[in-house]
Amino acid sequence: MNPILPLLQFSDATFPVGTFSFSNGLETASYEHLVHDADTLEQYTRSAALQAAFSDGVAALTAYRGALTGDYDVILDADSALLQFKMNDEARLMLCRMGKKLAELGVHLWGEDTLMGRWLSDIKDEKTPGCYPVAQGIAFAAAGIGERELYASHQYGVANMVVSAALRCVRVSHYDTQRILYRLAGETDSLYEQARSMTLDRMHAFVPEMDILASMHEKGKMRMFMN
């Protein structure tokens, strides 16, 4: 199979892992009038992409390499490290719910007697949290897609989650959101070159405003997206 086809499938906005349920803190940012137009949305989306680039992206690459070599302990280490890295409950809920869903889809694609099947079993037994970027790493390795493409797909997914949510709660158009996605796509290769050599203990992300917004959303009055 041409690997571009599963790459397109896994990167599609309609891929059924539940991304539509979360706004990555944007709902609160919109409610508080911090994000209110295309310019502020682009700033927010870029911040979300940068936050993920050197944390979630590193965990995805680590899990991918562990899956390629059959080193299951590396996958478990990436899963545990990423969950501990997340400061707010909403981010942990998002990662685990989407990760488990992708693992379930993976078992339907490749069968239970696979690395993905083993990982899903450990998720159900609460032996590992089941973070989405780790699931992506396992899935992309199983599908024969390269790690640069994995990283690009992951970063695209983060940005697309934000701009898709924006269409429901910010005064922007499809033209605005597509322009933002196109601009951020041009920055992905540079982020990959920085992230590719990072280890789990070097993960970092300092965007405290987004963590505050996510914590506000956990008890906020707005309810368009899951908290």
Side-chain angles (χ1 to χ4, degrees), residues 1-22 49 52-83 85-86 92-161 185 188-189 191-193 195-200 203:
M1 180 189 297
N2 187 330
I4 191 65
L5 297 177
L7 172 61
L8 292 172
Q9 179 182 356
F10 298 159
S11 304
D12 195 302
T14 62
F15 193 59
V17 293
T19 56
F20 66 90
S21 299
F22 298 94
F54 306 122
S55 54
D56 304 64
V58 174
L61 291 174
T62 302
Y64 174 88
R65 293 163 185 167
L68 284 183
T69 61
D71 193 335
Y72 190 65
D73 287 339
V74 168
I75 294 172
L76 295 180
D77 288 345
D79 205 14
S80 176
L82 184 57
L83 189 72
F85 193 83
K86 296 300 176 180
R92 290 190 285 269
L93 172 67
M94 177 178 69
L95 288 186
C96 292
R97 188 160 294 184
M98 291 169 53
K100 183 179 181 182
K101 190 62 178 178
L102 179 51
E104 291 170 347
L105 284 169
V107 167
H108 280 282
L109 292 175
W110 299 296
E112 294 184 3
D113 190 22
T114 59
L115 195 62
M116 187 69 92
R118 179 181 179 185
W119 191 60
L120 177 60
S121 178
D122 281 348
I123 293 172
K124 292 179 177 179
D125 291 341
E126 299 184 352
K127 296 178 180 178
T128 194
C131 294
Y132 183 60
V134 176
Q136 287 180 298
I138 301 172
F140 276 61
I145 307 171
E147 73 168 41
R148 183 183 290 271
E149 289 74 21
L150 159 65
Y151 191 84
S153 177
H154 171 265
Q155 289 298 111
Y156 172 80
V158 172
N160 194 48
M161 181 191 302
T188 302
D189 275 348
L191 296 175
Y192 169 73
E193 291 301 327
R196 62 185 298 188
S197 61
M198 291 175 60
T199 53
L200 294 174
M203 289 193 303

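The shown structure was predicted, so the numbers you read here are calculated from the model rather than taken from an experiment.
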Query raised in the report: If every non-hydrogen atom of Ala143 is compared with every non-hydrogen atom of Pro6, which pair is closest and at what distance?
Result: CB-CB, 4.1 Å
Query raised in the report: At their closest point, which heavy atom of Ala59 faces which heavy atom of Leu200, and how far apart are they?
Result: CA-CD2, 4.2 Å
Requested in this report: Could you check if a side-chain atom of Phe85 sits within less than 4.5 angstrom of a side-chain atom of Leu95, using non-hydrogen atoms only?
Outcome: no
Query raised in the report: Hey, what do you get for NZ (Lys100) to SG (Cys131), rounding to the nearest 0.5 Å?
Result: 13.5 Å
Query - Close side-chain approach of Val134 to Ile75, heavy-atom, < 4.5 Å - result: yes
Report summary line: Note: Gly137 and Ala67 closest approach over all heavy atoms is O-CB, 4.5 Å
Query - Heavy atoms of other groups near Glu193 CD, more than 12 under 6.0 Å - result: yes
Query - Beyond-backbone contact of Trp119 with Ile123, side-chain heavy atoms, under 4.5 angstrom - result: yes
Query raised in the report: Is it true that Asp71 and Arg65 make a salt bridge, defined as a side-chain N closer than 4.0 Å to a carboxylate O?
Result: no
Report task. Please check if the side chain of Gln155 supplies one atom and the backbone of Ala49 the other of a donor-acceptor pair under 3.5 Å. Result -> yes
Report task. To the nearest 0.5 angstrom, please state how far the CG atom of Leu83 sits from the SG atom of Cys96. Result -> 5.0 Å
Query raised in the report: Would you find a donor on one side and an acceptor on the other, under 3.5 Å apart, between the side chain of Thr69 and the backbone of Gly66?
Result: yes
Query raised in the report: In Å and rounded to the nearest 0.5 Å, what is the CG to CG distance from Leu115 to Leu120?
Result: 11.5 Å
Report task. Measure the shortest side-chain to side-chain distance between Tyr156 and Thr188 over non-hydrogen atoms and say whether it is less than 4.5 angstrom. Result -> no
Query raised in the report: Out of curiosity, Gln9 CD to Leu105 CG, how far, rounded to the nearest 0.5 Å?
Result: 9.0 Å
Query - Within-4.5 Å side-chain heavy-atom neighbours: Glu147 and Tyr192 - result: yes
Query raised in the report: Pick one: which of His154, Gln136, Lys86 meets side chain to side chain donor-acceptor pair (under 3.5 Å) with Asp56?
Result: Lys86
Query raised in the report: Between atom CG of Leu61 and atom OG1 of Thr199, what is the distance when rounded to the nearest 0.5 Å?
Result: 12.0 Å
Query raised in the report: Looking only at heavy atoms, what is the nearest atom pair of Ala53 and Ala195, with distance?
Result: O-CB, 3.8 Å
Query - Among Tyr64, Phe10, Tyr151, the one residue meeting ring pair (Phe, Tyr, Trp, His ring centres under 6.0 Å) with Phe140 - result: Phe10
Query raised in the report: Any sub-3.5 Å donor-acceptor pair from Asp125's side-chain atoms to Lys127's backbone N or O?
Result: no
Requested in this report: Compare every heavy atom of Asp79 with every heavy atom of Gly130, then report the nearest pair and how far apart it is.
Outcome: N-OD2, 2.7 Å
Query raised in the report: Would the number of heavy atoms belonging to other residues, nucleotides or ligands and lying under 6.0 Å from CG of Asp113 be above 12?
Result: no
Requested in this report: Without swapping roles, check the side chain of Thr62 against the backbone of Val58 for a donor-acceptor pair under 3.5 Å.
Outcome: yes
Report summary line: For Leu150 and Ala60, the nearest pair of non-hydrogen atoms, with its separation, is CD2-O, 3.6 Å
Report summary line: In this structure, CG of Leu191 is separated from CZ of Arg196 (nearest 0.5 Å) by 13.5 Å
Query - Test item: Arg148 and Asp189 side chains (from C-beta on) under 4.5 Å apart, heavy atoms - result: yes
